[in-house]
Amino acid sequence: MTVSATAQAVEAPTGTITAFPAVDAARLPRDTRPLRLITCGSVDDGKSTLIGRLLWDTKAVKEDQAATLRRDSGKQNDLGLPDFALLLDGLQAEREQGITIDVAYRYFATDKRSFIVADTPGHEQYTRNMATGASTADLAILLVDARTGLLEQTRRHATIASLMGIKQFVLAVNKFDLVDYDRARFDQISHQFRELALSLGVRQITAIPMSALKGENVVYDGKASMPWYDGQTLVEVLELATVRSAQTVGFRLPVQRVSRPGESFRGYQGTVAGGSVKPGDSVVILPSGMVANVTKIITFDLVRNAAVTGDAITLVLDRQVDVSRGDMIVSIDSQPQVGLDFDAQLVALQSEGIQPGRRYWLKSGSRRQRVTANPFSQLDLKTGSWNQRTGLLPMNGIGKVHLSFDENAVFDAYEQNRTTGAFILIDPDTNNTVAGGMITAKRSSLTGFRSDETRVVLSLPADLADQLMATELFSRRRDETDLLRMTAGEASQIFKDAAVDI
Amino acid sequence: MPSTLPETELHNPQTTKTPLDPHLKALENEAIHIFREVAAEFDKPVMLYSVGKDSSVLLHLARKAFYPGRVPFPLLHVNTGWKFAEMIAFRNDIVKKYDLDFIEHINPRGAAENVTPFTHGSALFTDIMKTEGLRQALDAGGFDAAFGGARRDEEASRAKERIYSFRTPEHRWDPRAQRPELWNIYNGMIRKGESVRAFPLSNWTEVDIWRYIQVEDIPLVPLYYAKERPYVERDGMMILAEDPRLELLPGETVKHGSIRFRTLGDFPLTGAIPSEATNLEEVIAELEIATVSERQGRAIDRDQSGSMEKKKREGYF
């Protein structure tokens, strides 16, 4: 049986194919960037079959690759298709041992959009691998076997996905042919899942009954077997899903490098991590706090009149200010948090875990600095509850930590910005990446109040403060000052609260 | 601080050019981000330049990333001595045209021991001239980061490659000990002697490469376009019959036909396809109906399943 005939055989009975994926799909202009997704589930749930099916039915697998598969496996499944799992397990050891080692990335496209799938193993070290795959994902597909329904691992996967900031879930109720396409079964599982997702704060939920093996409701619909299901196929859901975007309105440019091709030019190169910018905008350089105005936004193709989130640009300012790699250029009216102490959630990625009081390198954006991380709470993935627990955060553990810096750090909350709120920890001895983290909040809103020195608290109109901050005297001693922007009403409330603390 | 652009460096803005669609724009932005990050974090980066279409895209992105400055690292071509003549001519033009720092390395064992694809077979030849040659060139230059144009959609083991791919001082890749890579935060911390291979095109697919070449009007080696060319058929591959070093085996004859190449390497190891596509649009149109992957024309991948993984472990890029 030929490959195309197989696909035909699957689709033929339905008679309702509206969107046959064009073979030339990938070459059409795209009005969206690629959707990044992660698939969560185990081999038993049919995950490899699902991804293989997606690649196969969208023609992402070429004939020679299929031939290699056939040669390697010498067997086919009962539909005459190659063993999809072999398509996915790329490394020799994986094929030999029938396991999946690590995160792999797959690519496929329809005539509407292209997709990047982070494919992670469902069992071994799944927390670590899932966190890695989920960090860049816009959407998570959670796979369950229709016969077993929701498992403890479904809760684990959903919890990790939501923790990493994924706001869209698709529940794939797979192997639906094995429960005789029972509608009541589908309603029951999808209802349970909806409750789970809502409890995690995820509201964009789609449940789909499918058979990945038979290709029903993946790319082609399954009306022949499930006439009662009038919802979307998996690919239709993916085509309409939204790509994640930064929540903050404030402009953020982590400076990657300073470009000085000649004496007369100095530009700051980086990728816009939030908001937008245009010539004439006033910006602040953090952590120094110096103020300047944007004069030009330069790219290779043209001098631009604006740049938005995601753009890789070169920014030129109107005055000589001290900006170096690791600094962040931000909008003056909506600034991130600057401070020495933050709270964060961490996923421990290596066998040594995260040790309390140990000094790590923290990298966020283009900035790398020293930090200590002290765990104070750990997530129980079985129940979804946080337990007070200090001490070592073991590998694959998800914990809340206090971060303490030697020098001022600059962050947004991860909820507000998934770029400027994210970081990794690096072990200074092994140089390995030992944790991925997300900022939840800056600790203590009044870092200025320390008992051992005399401080003066001034309340000024914002424009006057900006002018003062732009003076040389001020910028030289910017490190010694604490700045809080707020309304007079908020200020008086804080002082009332602080009076109690002090 | 004066903020004028140095006039001599000012690239001609092509405001009439078709803007990139958001899909290609996102891929371009990501690649530029990686280029800048590596250039800023490492002491001595180098860009592996193989003269092919992916290298051409890579170079274009490097020029964009550092504009209005020059590309701040040299290009390294690990030559085997068996490249297509048109590739070398094209390469020399590009280096001159874009004012690039350029290094060429040929493993001296090739000439000393007369290592050829005919006498040593594709596997051993590639091992000596490409993998060993690359290691020699990287060691000689003391490079701690090397950009490559590899894509994850190319081959199964590449799908598991990081964007910053860590290599031991012996240039070895250990797929089981890769550093986790979260968000777009890359860990560039290494010890002396260790290095990373950085892959800005990781998330590009073959069709993305072609569409980008089209929209950005990137010059390519003419071998990618169909033309009447002499060839011989050997081991199921169409081999270009222009180089006098290609000796005909008994029963082989030189044929002529309209052929082109989907991928370019050493001429005896790279198969052509019959094609009438003489320009980019036609090449892309042919991709629509292509049912075999581009690496099918590469003898190096066909030695055995998992052969790319094996080569990578030994230091192949």
Side-chain angles (χ1 to χ4, degrees), chain A residues 23-24 26-27 29-34 62-65 68 72 90-92 101-102 104-107 114 116 128 131-132 135-136 256-257 259 261-262 264-266 269 271 295-296 298 300-303 310-312 316 318-320 325 349 361 363-364 419 422-424 426 431-433 436, chain B residues 1-6 9 11 13-15 17 21-26 29 32-33 36-37 39-40 63-70 152-153 156-157 159-160 175-176 178-185 187 189-191 203 205 207 210-211 284 287-293 296 305-306 309:
Chain A
V23 184
D24 61 338
R27 67 180 275 258
R30 307 268 159 202
D31 54 10
T32 56
R33 67 171 179 77
K62 302 294 187 189
E63 267 176 19
D64 56 322
Q65 293 166 328
T68 305
D72 286 0
L91 302 174
Q92 200 87 42
I101 289 177
D102 208 321
Y105 294 89
R106 321 283 176 197
Y107 303 81
S114 61
I116 303 175
R128 160 195 159 133
T132 302
S135 68
T136 50
Q256 289 185 281
R257 63 192 292 276
S259 171
S264 62
F265 180 84
R266 183 189 293 213
Q269 299 188 318
T271 306
T295 54
K296 271 200 187 76
I298 293 167
F300 181 84
D301 300 297
L302 63 174
V303 175
D311 289 346
V316 180
D318 67 343
R319 67 192 78 169
Q320 179 149 19
R325 171 174 166 82
L349 304 170
W361 284 111
K363 191 177 178 193
S364 175
T419 305
F423 61 88
I424 59 171
I426 299 167
N431 284 339
N432 206 346
T433 304
Chain B
M1 183 78 189
S3 58
T4 48
L5 278 172
E9 310 242 17
H11 167 77
Q14 301 170 296
T15 42
K17 179 186 101 132
D21 65 52
H23 170 81
L24 287 179
K25 189 77 201 162
N29 282 329
I32 290 175
H33 183 85
R36 289 171 171 174
E37 200 63 10
R63 293 175 58 229
K64 282 196 167 192
F66 302 107
Y67 175 82
R70 290 178 81 226
R152 286 178 181 148
D153 81 324
S157 69
K160 309 226 161 182
R176 279 176 178 272
Q178 299 196 83
R179 294 173 176 175
E181 209 158 68
L182 291 91
W183 297 287
N184 64 346
I185 310 173
N187 177 358
M189 295 190 66
I190 54 169
R191 292 200 186 88
N203 286 320
T205 63
V207 181
W210 284 113
R211 286 184 52 234
I284 293 175
L287 280 181
E288 291 176 40
I289 50 171
T291 53
V292 293
S293 73
Q296 205 233 359
S305 275
E309 177 189 350

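Sequence lines set the chain letters: A, B, ... in the order given, protein chains first and strands last, and positions in each chain run from 1. Atoms considered below: every heavy atom in the structure, side chains included; atoms not considered: hydrogens, waters and symmetry mates.
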Nearest 0.5 Å, what's the CD1-CE distance between A:Ile426 and B:Met189? 5.5 Å
For B:His23 and A:Pro34 the tightest heavy-atom approach is ND1-CG, 3.3 Å
For the residue pair B:Glu181 and A:Ile424, establish whether any side-chain heavy-atom pair is separated by less than 4.5 Å. no
Should A:Asp311 and B:Lys25 count as an ion pair when the cut-off is N to O under 4.0 Å? no
Quick check: closest heavy atoms across A:Thr433 and B:Arg179, and the distance to 0.1 Å? OG1-CB, 4.1 Å
Shortest non-hydrogen contact between A:Tyr107 and B:Asp153, atoms and distance: CD1-CB, 4.0 Å
A:Ile298 versus B:Tyr67: any side-chain heavy-atom pair under 4.5 Å? yes
Mind checking whether A:Gln269 and B:Ile32 have side chains closer than 4.5 Å, heavy atoms only? no
Between B:Lys64 and A:Asp301, the two heavy atoms sitting closest are NZ-OD2, 2.9 Å
Contact check, side chains of A:Ser135 and B:Asn184, non-hydrogen atoms, under 4.5 Å: no
What are the two closest non-hydrogen atoms of A:Ser259 and B:Gly69, and how far apart are they? OG-N, 4.4 Å
Hey, which of A:Arg257, A:Gln256, A:Lys363, A:Arg325 has the most heavy atom pairs under 4.5 Å with chain B? A:Gln256
How close do A:Ala131 and B:Leu182 get, counting heavy atoms only, and between which atoms? O-CD2, 3.9 Å
